[in-house]
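Below: the structure, in structure tokens.
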Protein chains: 2
Amino acid sequence: MDHATHTHTKAPHGKATPGADPTRIERLCIERGLKMTGQRRLIARVLSEAEDHPDVEELYRRAIALDSKVSIATVYRTVRLLEEKGILERRDFGGGRSRYDPADRGHHHHLIDVDTGTVIEFEDEEHERLVQSIAARYGFTLVQQRLELFGKKIPAPAATPAPDARRRPAGTKKDQG
Amino acid sequence: MDHATHTHTKAPHGKATPGADPTRIERLCIERGLKMTGQRRLIARVLSEAEDHPDVEELYRRAIALDSKVSIATVYRTVRLLEEKGILERRDFGGGRSRYDPADRGHHHHLIDVDTGTVIEFEDEEHERLVQSIAARYGFTLVQQRLELFGKKIPAPAATPAPDARRRPAGTKKDQG
DNA sequence: ATAATTGCAAAGCTTTTGCCGGACT
DNA sequence: AGTCCGGCAAAAGCTTTGCAATTAT
């Protein structure tokens with residue numbers, strides 16, 4: 001592989017150029033003092049560009065599409081590391097695989113369309129207040145919370161209804177937030 | 001809705017007596033037309049008596065403590081069946097194992113003590129109203145919901161703080177509702 | 001009698017880990 | 001230079017499944 005000269009252009013489509021264009025997540029990694037390797041930069045970039053909630057396999061797919069110099073074990077190790085550093089949040093929408101959500105997007109919850117697997121993110125101030133008060137009611141300080149709503153669209157346009165949305169493994173593979 | 005009250009108690013002659021003392025969950029199974037075997041009756045009984053949210057291994061442990069005529073594969077098959085029939089709800093509190101909650105206990109949510117793993121169940125009318133309105137806001141009918149609060153007890157007496165409460169597999173093994 | 005259920009063990013999935021060459025500070 | 005990281009493949013957990021014998025209706 002060719003080695004890049006540092007201090008070049010922002011590398012809009014090139015590979016992982018060490019000092020150029022640190023993505024949102026990469027910046028967070030650096031802030032936490034993580035050693036930034038090409039793979040981590042790549043994964044950070046995929047995460048920064050993701051607007052949905054990919055699982056590890058999906059992250060891996062997107063990463064190798066950009067560079068193909070990553071193993072899935074590294075993706076696992078990296079998401080785990082980032083989760084421990086508070087950069088990522090792990091979610092479980094019921095598909096048997098964990099899905100990941102950058103924590104810097106602010107707290108939000110999920111409304112999952114059980115027919116299509118589409119995930120809508122939302123926030124609600126009133127709900128925040130409410131859960132705080134519920135926790136307080138039991139003498140707890142809230143450390144984390146998880147609210148997921150599963151619903152069906154009311155009019156149902158001409159979409160393909162999923163045949164089975166309540167199975168154990170390998171549920172929805174894609175979503176767009 | 002058949003009523004079918006030919007519940008004349010047959011003489012109990014040992015362990016799983018076919019027609020005697022149908023537990024809450026067993027009754028539900030019968031209503032859905034499930035073939036009731038000794039194993040299913042046993043598991044139904046364990047579930048009926050459970051006040052917490054056991055995982056499969058825990059159900060298995062409790063079942064063989066009562067009768068020891070069950071394999072863990074049957075427990076897996078049964079909870080899956082009951083989930084499909086709407087008798088059980090599968091939960092994931094982050095321990096890598098699914099945990100089960102009889103659906104007939106009514107909707108409730110969970111407040112998990114991240115230090116001890118204790119699970120507190122609660123309901124909140126205001127929350128119910130709120131999530132309905134949130135779903136409606138996006139044009140959805142609510143099919144299911146999940147609210148989990150993770151918190152720390154405020155005063156924290158001289159208890160044993162858990163060493164690590166944010167790992168991926170095999171988290172809390174026990175809880176009391 | 002018939003069709004479903006169980007047990008056992010093997011297979012399947014996702015995720016983790018040991019080892020060692022290679023990369024980063 | 002030293003330490004940490006990445007790749008590979010094997011291992012680990014949890015869950016599912018094929019098949020033959022057993023059991024419920």
Worksheet item: For R41(B) and dT6(C), what is the distance between atoms CZ and C1' respectively, to the nearest whole Å?
Response: 14 Å

Item to complete: Please name all residues satisfying salt bridge (charged side-chain N to carboxylate O under 4.0 Å, His left out) with E49(A), sequence neighbours left out, ordered by chain then number.
Response: R45(A)

Discussion item. Rounding to an integer number of Å, can you tell me how far Y60(B) OH sits from dT15(D) P?
Written reply: 15 Å

Fill in: Of the listed nucleotides dT15(D), dT6(C), dT17(C), the one nearest the side chain of Q39(B)
dT6(C)

Item to complete: Mind calculating the distance between NZ (K69(A)) and P (dG22(C)) to the nearest angstrom?
Response: 15 Å

Worksheet item: Closest nucleotide of DNA chain D for M36(B) versus for A73(B): which of these residues is on the 5' side?
Response: A73(B)

Response to the item:
In whole angstroms, the gap separating P of dT6(C) from CD1 of I64(B) amounts to 16 Å

Practice prompt. Would you mind telling me which of E121(B), E123(B), E128(B) makes a side chain to side chain donor-acceptor pair (under 3.5 Å) with H109(B)?
Written response: E128(B)

Worksheet item: Does R80(A) place a side-chain N or O at less than 4.0 Å from the phosphate oxygens OP1/OP2 of dT16(C)?
Response: yes

Item to complete: For dG13(D), take OP1 and OP2 only and decide whether either is under 4.0 Å from a side-chain N or O of R97(B).
Response: no

Worksheet item: Within the structure, does a side-chain N or O atom of Y76(B) lie under 4.0 Å from either OP1 or OP2 of dT15(D)?
Response: yes

Fill in: Partner of L147(A) by side-chain contact (heavy atoms from CB on, under 4.5 Å), out of H127(A), H107(A), H108(A)
H127(A)

Practice prompt. Could you state the atom-to-atom distance from CG of L42(A) to P of dA23(C) in whole Å?
Written response: 16 Å

Worksheet item: Between dT17(D), dT14(C), dT3(D), which one does the side chain of E57(A) approach most closely?
Response: dT14(C)

Worksheet item: In whole angstrom, what separates E83(B)'s CD from dT15(D)'s C1'?
Response: 13 Å

Discussion item. Between S48(A) and I25(A) (side chain of the first, backbone of the second, donor and acceptor by atom type, cut-off under 3.5 Å), is there such a pair?
Written reply: yes

Worksheet item: Which of these nucleotides, dT15(C), dG18(C), dT17(D), is closest to any side-chain atom of V56(A)?
Response: dT15(C)

Discussion item. Taking only side-chain N and O atoms of T37(A), does any of them lie within less than 4.0 angstrom of OP1 or OP2 on dG6(D)?
Written reply: yes

Discussion item. I need the CG-P distance between L59(B) and dC14(D), as an integer number of Å.
Written reply: 14 Å

Discussion item. Closest approach to the side chain of R77(A), judged atom by atom: which nucleotide of dA9(C), dC19(C), dT14(C) is it?
Written reply: dC19(C)

Discussion item. Is the phosphate of dG7(D) approached by T74(A) (side-chain N or O, under 4.0 Å from OP1 or OP2)?
Written reply: yes

Discussion item. Less than 4.0 angstrom between a side-chain N/O of S98(B) and OP1 or OP2 of dT15(D), yes or no?
Written reply: yes

Discussion item. Rounded to whole Å, how long is the line connecting atom CG of L34(B) with atom P of dT25(D)?
Written reply: 10 Å

Practice prompt. Indicate yes or no for a side-chain donor-acceptor contact from R27(B) to the backbone of P22(B) under 3.5 Å, with no hydrogens or angles considered.
Written response: yes

